[in-house]
Amino acid sequence: MHSEIVVWWVFLLVLGSSSGSVFARTRYFNFTVQTTNVTRLCYTKALLTVNGQFPGPTSYVREGDRVVVNVTNLSSYDLTIHWHGVRQLLSCWADGPAFITQCPIKTNQSYVHRFRIVDQRGTLFWHAHQSWLRATIHGAFIILKKNKVGYPFEKPREELPPLIIGEWWNANTEDIIAQALVQGGGYNISDAITINGQPGDLYNCSSDGTVVYNVSQGDTILLRLINAGMNFHFFFAIANHNLTVVEADAEYTEPYQTDVVVLAPGQTTNVLLTANNSVGRYYMAVSVFSPPNITLVPYPNVSATAILAYDNVSAASSTPALPSFPAANDTSYVNNFFSSLRGQNYSRGFYYYKVPQKVDIDLLHTVGYSLQPCPSGQTCQGPNGTLIRSSISNITFVTPQLSILQAYYGNGNGNNSVYTTDFPDVPIFEYNYTGINLANKVALPGTRVRVIPFNSTVQVVYQDTATLFFESHPIHLHGQNFYIVGMGTGTFNASRDTPSFNLVNPVSRNTVSVPYGGWAAVRFQAVNPGVWFVHCHFDIHSSWGMDMAFITLNGIGANQSLPAPPLDLPSCVS
């Protein structure tokens with residue numbers, strides 16, 4: 001068996017045996033952010049890593065555990081770490097988005113994240129959450145199920161190490177986003193897709209690093225997929241093998257068989273595969289779904305690859321075949337994939353609350369691009385010399401210089417100099433959102449939040465707009481999952497579309513891929529007090545302002561109230 005997999009299995013056995021006699025443990029991790037020289041595509045550059053690894057280390061915990069992570073920043077950039085998808089129950093201070101729940105960790109300083117894993121098990125990941133630093137600062141975060149608790153699907157015979165999809169730039173990503181923001185146009189797309197940091201056999205100077213997964217013929221295998229990419233949805237497939245989706249964003253799904261899995265940025269998916277083919281070597285490959293930019297993206301022809309190798313097969317055997325992928329603009333395939341996923345039934349005990357049947361707060365949030373006038377004396381590369389930005393409901397988010405959570409905790413729910421509480425329930429400007437040749441591309445800058453009373457049930461319909469062009473925006477909610485109760489194309493119509501909502505077994509996720517030129521309706525129960533960031537997980541869109549935040553108020557008593565901030569919370573003062 002491949003050495004990487006042997007090491008992983010030894011660790012898993014130790015973790016399982018060491019935690020069998022107790023219900024929960026405290027898991028300690030030390031993350032040191034540092035500069036490391038890494039070579040890809042015949043090119044060596046200094047990039048930011050955690051503990052010298054790219055991708056960073058995989059963290060294994062178990063449901064119910066307490067987690068303590070000491071993050072030390074030895075880089076020249078201020079930064080934060082976010083635990084993507086972790087339900088930070090009463091631990092909002094540990095969530096990590098810069099200037100939302102904390103100020104960044106400065107050079108040569110540390111911050112200790114403390115949180116507990118409550119009612120979660122499955123595949124998540126961690127990543128930097130400031131500017132574009134997460135391009136190289138990311139790693140898997142695996143929550144093992146409780147001991148002696150079974151899976152709601154066929155038990156896998158073995159499990160492979162996580163497969164992390166990413167992007168590689170030869171240039172410094174901080175220079176790329178800085179240039180894009182100043183010029184007001186597009187950005188330089190990445191030079192390669194990667195699997196566990198490696199582009200694979202089809203890229204120059206890359207074959208020696210191609211990731212190899214070894215399997216035994218006849219075994220049913222669990223594979224954890226993570227899209228840590230910056231700005232693309234990805235297709236994933238294995239040549240001549242079917243895949244069965246059994247989990248999405250750390251929530252079990254009804255088994256769904258497919259040839260190709262779709263992952264939006266920020267999404268994770270667990271699949272079962274059965275090694276029931278002829279003994280040989282098969283490409284595991286990743287390609288791009290990007291309908292607005294198909295002529296600009298070379299990746300449908302240059303897929304990232306890893307190799308699925310059956311035991312006892314020679315590495316010198318014939319070249320593996322590539323799997324077939326949908327076209328890079330096949331919106332029908334993508335919409336069908338996402339709409340086909342179903343959650344496991346609540347009665348089986350895998351959800352921590354029921355699907356909300358009624359709605360206390362009903363919101364319509366448009367997501368799309370906006371155009372701003374070019375600053376005086378500057379040349380901008382947007383349409384007609386404008387500055388391209390993005391927005392939610394015609395509000396372009398302005399990042400404050402003090403964290404919203406600190407301002408909220410210190411000043412209560414009133415307006416203050418950091419944020420205002422007037423984020424609109426419906427778009428400021430109402431129009432035919434999916435019409436042709438829209439004239440309305442206006443957005444107002446601001447740091448606005450929407451306040452939610454504790455235990456309210458919230459519905460948000462995310463509506464794509466035709467400003468500039470359609471896009472399938474991956475919208476991520478921090479601090480909790482939501483149920484995706486409906487999806488459709490065109491402009492949402494409540495009287496027509498609400499009756500078709502799935503309120504029985506919708507899939508539960510932390511990131512929803514809003515259909516291209518369409519809408520997605522999500523519901524959640526606000527039982528976690530704190531400030532929770534909402535943003536597009538295309539980093540270019542988040543950088544342009546497609547962000548907002550919910551403030552969930554405290555409930556009654558200590559068990560429903562956010563504790564005081566930790567003493568080592570990073571300061572915003574230089």
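These figures come from a predicted structure and were not determined experimentally.
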(request) For Asn37 and Thr44, run side chain to side chain donor-acceptor pair (under 3.5 Å): C-alpha distance rounded to whole Å, both residues' side-chain angles, the deciding distance at 0.1 Å, then the answer. (result) CA-CA 7 Å; Asn37 288 331; Thr44 300; over 6 Å; no
(message) Quick check: do Asp568 and Arg114 have side-chain heavy atoms less than 4.5 Å from each other?
(response) yes
(message) Using every non-hydrogen atom in the two residues, find where Ser110 and Thr72 come nearest and quote the distance to one decimal.
(response) OG-OG1, 2.8 Å
(message) Testing the basics here: between Phe423 and Ile395, what is the closest heavy-atom pair and its distance to 0.1 Å?
(response) CE1-CB, 3.9 Å
(request) Applying side chain to side chain contact (heavy atoms under 4.5 Å, CB included), run through Asp539 and Ile177 and close with a yes or a no. (result) CA-CA 9 Å; Asp539 278 49; Ile177 183 54; over 6 Å; no
(request) Name the orientation class of the two ring planes belonging to Tyr369 and Trp544 (parallel below 30°, tilted from 30 to 60°, perpendicular beyond 60°). (result) perpendicular
(request) Would you sort out whether His82 and Phe125 count as a ring pair (Phe, Tyr, Trp, His ring centres under 6.0 Å), showing the intermediate values? (result) CA-CA 9 Å; His82 167 54; Phe125 71 118; 8.2 Å; no
(message) Working note: Thr36 + Gln34, criterion side chain to side chain contact (heavy atoms under 4.5 Å, CB included); need CA distance, chi angles, decisive distance, verdict.
(response) CA-CA 6 Å; Thr36 306; Gln34 61 195 66; 4.0 Å; yes
(message) Within this structure, what is the CZ-CD distance for the pair Arg116 and Glu63, rounded to the nearest 0.5 Å?
(response) 9.5 Å
(message) So, applying side-chain contact (heavy atoms from CB on, under 4.5 Å) with Phe524, which one of Asn481, Thr457, Ile452 is it?
(response) Ile452
(request) State the CG-CD distance between Asp95 and Gln88, to the nearest 0.5 angstrom. (result) 5.0 Å
(request) Among residues two or more places apart or on two chains, list those pairs meeting disulfide bond (SG atoms under 2.5 Å apart) that have a residue in residues 98-135. (result) Cys103-Cys572
(message) Under 4.0 Å between a side-chain nitrogen and a carboxylate oxygen: does that hold for Glu159 and Arg224?
(response) yes
(request) Measure the spacing between CG of Leu444 and CD1 of Ile428 and express it to the nearest 0.5 Å. (result) 4.5 Å
(message) On the six-membered ring of Trp168, is Lys45 placed so that its NZ or CZ lies under 6.0 angstrom from the centre and within 45° of the ring axis?
(response) yes
(request) Assess whether side chain to side chain donor-acceptor pair (under 3.5 Å) is satisfied between Asp547 and Ser542, documenting all intermediate values. (result) CA-CA 6 Å; Asp547 320 287; Ser542 184; 2.7 Å; yes
(request) State, to 0.1 Å, how close Pro529 and Val527 come at their nearest heavy-atom pair, and which atoms those are. (result) CD-O, 3.7 Å
(request) Under the ring pair (Phe, Tyr, Trp, His ring centres under 6.0 Å) rule, collect the residues that match up with Phe533, sequence neighbours excluded. (result) His129, Phe397, His478, His535
(request) Search all heavy atoms of Cys92 against all heavy atoms of Val531 and return the closest pair with its distance. (result) SG-O, 3.2 Å
(request) Please list all pairs passing the disulfide bond (SG atoms under 2.5 Å apart) test where one or both residues lie in residues 55-88, with sequence neighbours left out. (result) none
(message) Show, in sequence, the C-alpha distance, side-chain angles and deciding distance for Val522 and Val460, and conclude whether the side chain to side chain contact (heavy atoms under 4.5 Å, CB included) test is met.
(response) CA-CA 5 Å; Val522 305; Val460 189; 4.0 Å; yes
(request) Verify, without hydrogens or angle tests, whether Asn227 (side chain) and Gly266 (backbone) share a donor-acceptor contact under 3.5 angstrom. (result) no
(request) State whether the side chain of Gln267 and the backbone N or O of Ala264 hold a donor-acceptor pair below 3.5 Å, judged by distance alone. (result) yes
(request) Ignoring hydrogens and angles, tell me if any N or O in the side chain of Thr396 forms a donor-acceptor pair with the backbone of Ser390 under 3.5 Å. (result) yes
(request) Anything under 30° is parallel, anything over 60° is perpendicular, the rest tilted; go ahead and classify Phe338 against His233. (result) perpendicular
(message) Main chain of Arg121, side chain of Lys146: is a donor-acceptor contact present, judged purely on distance under 3.5 Å?
(response) no
(request) Indicate the atoms forming the closest heavy-atom contact of Leu402 with Ala407, along with that distance. (result) CD2-CB, 4.4 Å
(message) Closer than 3.5 angstrom, by distance alone: can the side chain of Arg27 be matched with the main-chain N or O of Val61 as a donor-acceptor pair?
(response) no
(request) Taking Gln120 for its side chain and Arg87 for its backbone only, find out whether a donor-acceptor pair lies under 3.5 Å. (result) yes
(message) Is the shortest side-chain heavy-atom distance between Pro265 and Phe232 below 4.5 Å?
(response) no
(request) Could you tell me whether a side-chain N or O of Trp93 sits under 3.5 Å from a main-chain N or O of Pro563, the two making a donor and an acceptor? (result) yes
(message) Contact between Val451 and Leu553 at the side-chain level, heavy atoms closer than 4.5 Å - yes or no?
(response) yes
(message) Once rounded to the nearest 0.5 Å, what's the spacing between atom CG of Asn188 and atom CD1 of Ile176?
(response) 5.5 Å
(request) Indicate the atoms forming the closest heavy-atom contact of Ala228 with Ile164, along with that distance. (result) CB-CG2, 3.7 Å
(request) Decide yes or no for Arg448 and Pro424: does some side-chain heavy atom of the first lie under 4.5 Å from some side-chain heavy atom of the second? (result) yes
(request) Check whether any side-chain heavy atom of Tyr213 sits under 4.5 Å from a side-chain heavy atom of Asn196, and report yes or no. (result) yes
(request) Output the distance between atom OG (Ser131) and atom CG (Leu181), rounded to the nearest 0.5 Å. (result) 7.5 Å
(request) Kindly indicate whether the side chain of Leu74, heavy atoms from C-beta on, has any atom under 4.5 Å from the side chain of Asn108. (result) yes
(message) Using 0.5 Å steps for rounding, measure from the OG1 atom of Thr123 to the CD1 atom of Ile142.
(response) 4.0 Å
(message) Donor-acceptor pair, distance only, cut-off 3.5 Å: does the side chain of Asp360 make one with the backbone of Ser456?
(response) no
(message) Tell me if a side-chain donor or acceptor on Asn554 pairs with a main-chain N or O of Leu562 at a distance below 3.5 Å.
(response) yes
(request) Just say parallel, tilted or perpendicular for the rings of Tyr462 and His365, cut-offs at 30° and 60°. (result) perpendicular
(message) Show, in sequence, the C-alpha distance, side-chain angles and deciding distance for His84 and His476, and conclude whether the ring pair (Phe, Tyr, Trp, His ring centres under 6.0 Å) test is met.
(response) CA-CA 9 Å; His84 183 108; His476 172 51; 3.8 Å; yes
(message) Using side-chain heavy atoms (C-beta onward) and a distance below 4.5 Å, is Val246 in contact with Tyr151?
(response) no
(message) Between Thr366 and Ser393, is there a side-chain heavy-atom distance shorter than 4.5 Å?
(response) yes
(message) I'd like to know whether Trp126 forms a side chain to side chain contact (heavy atoms under 4.5 Å, CB included) with Phe29, so could you lay out the CA-CA distance, the side-chain angles of the two residues, the decisive distance to 0.1 Å, and finally the verdict.
(response) CA-CA 13 Å; Trp126 55 264; Phe29 303 93; over 6 Å; no
(message) Check whether Arg40 reaches the backbone of Gly197 with its side chain - one donor and one acceptor, N or O, closer than 3.5 Å.
(response) yes
(request) Determine, step by step, whether Asn73 and Gln109 satisfy the side chain to side chain donor-acceptor pair (under 3.5 Å) criterion, reporting the C-alpha distance in whole Å, the side-chain angles of both residues, the deciding distance to 0.1 Å, and the verdict. (result) CA-CA 6 Å; Asn73 180 16; Gln109 295 186 3; over 6 Å; no
